[in-house]
Amino acid sequence: LKDNKLGRATFFPLTVIKERYVDYESLNTLKSSNDFIGVLSDLVTYNKKYKNIIKKGVFEMSYSIAIDGPAGAGKSTIAKLIAKKKSYIYVDTGAMYRAMALFFIESGISADEQEKISAACKNVDVTISYENGEQIVWLNGRNVNGLIRTEEVGKMASASSANKDVREKLVELQRALAEKENVVMDGRDIGTVVLPKANVKVYLTASSRVRAVRRYEELKAKGEECDLEVIEKDIIERDYRDMHRDISPLKQADDAVLLDSSDMT
Ligand code: DC
C-alpha cells in the first residue's frame, strides 16, 4: 500500500488489504492524506498487529509514557529502568525546571520576585542532550548537571515553576522532544498538560514519611548531616506548593494508573 501524497510508503501483507478491501485497487484513487489515514486507521482496528508499524512508519507518531508524582516517590528510578529496557529516551523535566532555577539564583533573583523571573526567561536557554543514555542539561551552553541537585535549587525550582513564562518555555521543549522520540517523561504535569495523549500514564506516589526516610538515607550514605524531621517538613511544603499552584498543579490525570510505592522496595 503506497501513498505518494504523503511521500511515504507503508507495507501491509496484500492478504490483509485484500481481506479488508475487496476492491483494493480503488485505494490507489485516494484523494487526500486524510483519506489515506482513514484507511490506515481502519486497518489498525482490523489488525492490531500492524499498529506499531503504522505508528513508526506512517504517522511517525512516537510512543510516550508519562510518570507524574511528588518529589522522592521513585519516578526517575522507574523511568530510567523503563527507558533502558525499551531503548526510549528518558526526559527528566524536573532537571529542566532546576536549570532555570539555577539561572534565577545566579542572577540574584529571589523566589518571590515573579516579575523578575518572567523578565529573565528571555535570557535563558535550556536544552538537553544525551551521553550514554544519561540526560545532560545545558543552561545557556553550560552543562549544569553537577549543580542542580541541591536543596536550594530544588526549592527555587518549586517556586519558579509556578511562573507561567517558565512553564511555557519548558513545556514547548518537552513536547518537541516527545514528538520526535519515544519517551519516558517524568514530572508533575506530564499526563495532565504536557502529553495529555500519552500512551501510558502513571501517577507514582508514596507517603511523605517514606519519601523523607529515603532521602535521609541517601544523604547519610553521602556522609551529609541531616535531620529526618526537617527533611519531611520540606517535602510536605514542596508537595503543597506543587499541588496548589494556579498553573499545571501536580495532580493525577483522570486516566493515569495510581501506584503507591510506600510499601515497595
Ligand atoms: O522532580 P524535581 O524534584 O527535580 O522537580 C523540581 C521542581 O520542579 C518541583 O518541585 C516542581 C517543578 N516541576 C514542575 O513544576 N513540573 C514538572 N514537570 C517537573 C518539575
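Whatever order the structure lists ligands and atoms in, that order sets their numbers, starting from 1. Since we're looking at a predicted model, the values are computed, not measured.
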Nearest non-hydrogen contact to atom 19 (C) of ligand 1 from the set Thr93, Val91, Asn163 belongs to Thr93
* Asked: Can you check whether Glu168 reaches Asn163 side chain to side chain, under 4.5 Å on heavy atoms?
  -> no
Query - Polar side-chain atom of Asp186 near backbone of Asp92 as donor-acceptor pair, under 3.5 Å - result: no
The closest protein heavy-atom partner of atom 8 (O) of ligand 1 is Tyr97 CB, 3.5 Å
protein heavy-atom neighbour closest to atom 16 (N) of ligand 1 works out as Arg167 NH2, 3.0 Å
Original post:
Do Trp138 and Met96 share a hydrophobic cluster (ILVMFWY, side-chain heavy atoms under 4.5 Å, transitive)?
Top reply: no
Q) Do the non-hydrogen side-chain atoms of Phe104 and Val166 ever get within less than 4.5 Å of each other? A) yes
The protein heavy atom nearest to atom 4 (O) of ligand 1 is Arg98 NE, 2.7 Å
Of all protein heavy atoms, the one nearest atom 12 (C) of ligand 1 is Ser161 OG, 3.5 Å
Looking only at non-hydrogen atoms, the one of Arg238, Arg149, Arg188 nearest atom 14 (C) of ligand 1 is Arg188
Ligand 1 atoms nearer than 4.0 angstrom to some heavy atom of Arg245 are 14 (C), 15 (O), 16 (N)
Self-check item: Ser118 side chain vs Asp165 backbone, donor-acceptor pair below 3.5 Å
Solution: no
For the side chain of Asp112 and the backbone of Gln114, is there at least one donor-acceptor N/O pair under 3.5 Å apart?
no
